Amino acid sequence: MAKSSSLNVRVVEGRALPAKDVSGSSDPYCIVKVDDEVVARTATIWRSLSPFWGEEYTVHLPLDFHHLAFYVLDEDTVGHDDIIGKISLSREAITADPRGIDSWINLSHVDPDAEVQGEICLAVQMLEDVRGRCLRCHVLQARDLAPRDISGTSDPFARVFWGSQSLETSTIKKTRFPHWDEVLELREMPGPPSPLRVELWDWDMVGKNDFLGMVEFPPQVLQQNPPNGWFHLLPFPRAEEDSGGSLGALRLKVRLTEDRVLPSQYYQPLRELLMESVLGPAEEDAASPLAVLEELTSGDCRQELATKLVKLFLGQGLAGPFLDYLTRREVARTTDPNTLFRSNSLASKSMEQFLKLVGMPYLHEVLRPVINRVFEEKKYMELDPCKMDLGRTRRISFKGAPSEEHVREASLGLLTGYLEPIVDTIVGSVGRCPPAIRLAFKQLRQCVEERFPQAEHKDVKNLAISGFLFLRFFAPAILTPKLFDLRDQHADPQTRRSLLLLAKAVQSIGNLGQQLGQGKELWMAPLHPFLLQSISRVRDFLDQLVDVDGKEEPGGPARALVPPSVTVREGYLLKRKEEPAGLATRFAFKKRYFRLSGEMLSYSRSPECQTRSSLPVSHIRAVERVDEGAFQLPHVMQVVTQDGAGALHTTYLQCKNVNELNQWLSALRKASAPNPDKLAAWHPGAFRSAHWTCCHQAERSAAGCSRTHSAVTLGDWSDPLDPDAETQMVYRQLLLGRDRLRMKFLEDPTLDTTPEADTEKGSSATEGACPAALAHQREAAARLLEVLADLDQAHEEFQPQEQRKVAPGPLRP
């Protein structure tokens with residue numbers, strides 16, 4: 001029985017932050033850590049004490065996640081960045097409310113003694129001889145300790161306390177992964193039973209030693225179940241100090257989603273019900289799982305559910321029938337064509353998520369070149385007279401004195417210069433659009449055309465498609481490229497305004513001219529001739545887009561979300577030479593262009609270079625960070641591969657920043673997730689000068705000193721299909737509506753299937769339905785309730801096994 005866990009984090013904004021710069025302001029950014037591993041860094045908001053970030057991350061977590069921390073820092077051009085404060089949230093605090101956390105939280109001071117991390121491995125025995133009782137504490141090793149020295153390492157030693165006695169291990173210099181393998185024996189003294197406490201300290205030649213963490217075991221544990229294994233280090237117990245808001249506050253949204261996933265065979269009956277429902281008459285359906293889900297869900301839950309359903313049906317090769325089912329239900333109950341798909345219904349959200357899951361490589365191909373130009377050129381563009389800054393017009397080259405007219409003309413030229421390649425690429429991309437999207441749009445158009453055949457509604461069939469493709473896909477990607485993986489960072493204010501103008505123009509094109517020249521944005525009028533010309537081209541594009549053979553269903557059951565040959569990530573990285581004998585570290589890393597697909601990690605001197613080297617993804621056994629001390633360089637990762645003879649090889653790659661590092665780590669871990677024989681432990685250092693820089697072991701083949709983190713990935717469109725986890729989420733949602741379903745179809749005394757009752761009275765769910773249809777709905781409801789009851793029973797049977805597995809005990813690697 002597997003367990004899935006994901007953390008959704010949104011860093012919204014800050015307020016009342018202290019000024020750290022001489023200018024009386026700060027340049028704040030936020031670092032997000034999960035169990036002391038940096039998983040995200042927000043953009044820096046320059047010269048602000050009330051920054052707005054609005055950045056959201058989804059992190060897939062390992063099973064033993066402990067806490068989440070947010071650090072706010074002030075970025076400095078010279079010297080180290082200043083720490084403003086932190087917020088630490090334990091797993092228990094996050095899960096206290098099923099809805100998660102959504103509030104302002106005060107920042108607290110960063111106490112070095114509380115900044116502990118890592119684990120220690122102990123084996124404790126309670127012995128008795130003629131002299132009395134003796135405690136034997138075997139201190140084997142520790143890993144991932146906090147760096148306390150300026151070199152990025154520590155000089156750790158362990159101190160063991162039992163009653164009034166204490167003993168110390170030797171000090172291991174310059175390592176965060178010490179190996180002691182020392183046995184310390186302490187004799188029991190008269191008095192009540194005492195706990196065992198093991199403290200780790202960093203030895204300093206000058207000044208006091210630095211605290212690294214501790215573990216403590218009460219007397220009853222020592223007697224009944226002596227510690228033996230890995231244990232998480234904790235800070236000294238102390239009351240949480242509240243800064244009283246003097247360091248400011250962050251508004252955070254945090255939600256932890258955990259679920260136990262049963263073996264696959266238990267979900268097969270529910271999957272069969274889901275698949276059968278999309279093949280039946282959608283308009284008359286009221287008791288199928290999809291109909292129940294559509295009625296129950298709302299808000300954020302609907303978007304998450306839509307993503308899971310789309311992935312589930314994609315994996316079964318039935319994404320087209322699924323979308324068609326929801327579309328037919330939505331269209332059947334829509335009376336005003338102007339409101340069609342305008343709400344965030346399950347149908348709208350499912351189509352939107354389908355476009356993101358299937359069409360993201362297509363989106364990147366269409367928009368990335370122009371988006372990169374906008375970011376790199378940083379041109380000033382503005383059409384709204386109320387927002388024009390004539391003082392910035394020196395950035396625009398024109399003759400004569402600055403004026404609104406000059407700015408408008410220059411901005412119009414720049415905007416059309418960006419819009420033309422966007423429109424040209426879109427209308428010329430019919431052959432590159434994924435077949436699954438084209439088929440879905442063909443079904444959508446046919447359904448809308450049948451519902452609204454009148455001449456005055458002739459544009460509705462095209463608006464339904466362009467509303468999804470332009471308004472919910474292209475325009476949002478232009479407005480916020482980082483959220484669509486088009487850029488690694490959010491735009492600065494000037495670039496953000498340029499992107500907003502481009503998104504408004506693309507949105508107007510997607511509306512096919514409706515409301516053009518109306519509303520409050522009359523200042524867009526100079527762009528209308530170009531927009532009208534583009535709209536006619538887009539109409540032709542939509543006609544070509546749906547001109548596809550509807551009998552073909554691209555892909556088959558259980559296909560991968562992203563085809564193995566498709567590039568999921570690419571860009572320049574610095575690669576370390578295999579054996580740079582005698583070279584200084586900075587010369588050992590060479591710039592190479594990398595491409596990652598589901599099959600291969602390849603690299604060359606440039607994107608155009610035909611000579612490439614490659615690493616098969618199937619050979620990857622671990623993808624991990626590298627300590628800065630290994631090469632005295634930040635943001636380095638290692639890809640550990642295994643050749644046909646079983647030998648392990650390590651490739652070191654350096655990224656530009658921590659976000660790029662996290663994205664590459666996540667992409668590589670996802671691509672190699674199905675690989676067998678993954679490493680449970682590896683070295684976070686490098687083997688240099690005949691020893692590992694992390695743990696000082698002299699054998700290159702020595703066992704890894706730190707656990708690997710293959711379970712930690714960032715959630716995005718490229719997440720692999722997981723039909724069991726997806727069905728489990730659907731099951732949880734259906735449980736919320738089980739009582740309502742039972743009352744509506746099985747326990748409602750007013751519900752009668754006789755013809756007389758049907759003609760005299762109807763219910764809101766079954767009004768106008770014939771007795772045969774009502775009987776069918778009752779049968780479907782009973783079958784669904786039976787399937788849910790079987791899953792309930794399976795969870796109850798597996799729960800004792802799960803509790804035995806997570807019973808209190810040592811942490812294992």
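Keep in mind that what you see is a predicted model, and the values were worked out from it rather than measured. In what follows, residues are counted from 1 in the order of the sequence shown.
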Can you confirm whether the side chains of [X] and [Y] place a donor and an acceptor under 3.5 Å from each other?
X	Y	value
Q117	D144	no
H635	E660	no
N675	H619	no
R159	N209	no
E115	Y71	yes
S151	T153	yes
Y266	D724	no
D149	S154	no

Mind checking whether [X] and [Y] have side chains closer than 4.5 Å, heavy atoms only?
X	Y	value
L140	H179	no
Y652	L573	no
P51	L17	yes
M637	L668	yes
Y29	D81	yes
L250	V72	yes
V34	F65	yes

Check this for me: does any side-chain nitrogen of one of [X] and [Y] sit under 4.0 Å from a carboxylate oxygen of the other?
X	Y	value
D102	R255	no
E726	K308	no
R41	E75	yes
E56	K253	no
K174	D155	no

Only one of V110, I83, I84 passes side-chain contact (heavy atoms from CB on, under 4.5 Å) with L73; say which it is.
I83
Stepwise side-chain hydrogen bond (donor to acceptor under 3.5 Å, both in side chains) check, D181 with H138:
CA-CA 7 Å; D181 197 14; H138 189 178; 2.6 Å; yes
Measure across L714 and S666 and return the closest heavy-atom pair with its distance rounded to 0.1 Å.
N-OG, 2.8 Å
On a heavy-atom basis, the closest approach of Q697 and A702 is OE1-CB, 3.4 Å
Could you walk me through whether S170 and E182 pass the side-chain hydrogen bond (donor to acceptor under 3.5 Å, both in side chains) test, one step at a time?
CA-CA 8 Å; S170 59; E182 297 183 21; 2.4 Å; yes
Quick check on the 6.0 Å ring-centre criterion: do H795 and Y731 meet it?
yes
Hey, would you say the F687 and W692 ring centroids sit under 6.0 Å apart?
yes
Quick one: do E624 and H709 satisfy side-chain hydrogen bond (donor to acceptor under 3.5 Å, both in side chains)? Show the steps, please.
CA-CA 7 Å; E624 297 296 316; H709 302 82; 2.8 Å; yes
Relative to [Y], does [X] satisfy both conditions: NZ or CZ under 6.0 angstrom from the six-membered ring centre, and within 45 degrees of the ring's axis?
X	Y	value
K86	F70	no
R197	W162	no
R143	W230	yes

Describe, in one word, how the ring planes of F231 and F217 are oriented to each other, choosing from parallel (under 30°), tilted (30 to 60°) and perpendicular (over 60°).
perpendicular
E699, CD: over 12 other non-hydrogen atoms inside 6.0 angstrom
no
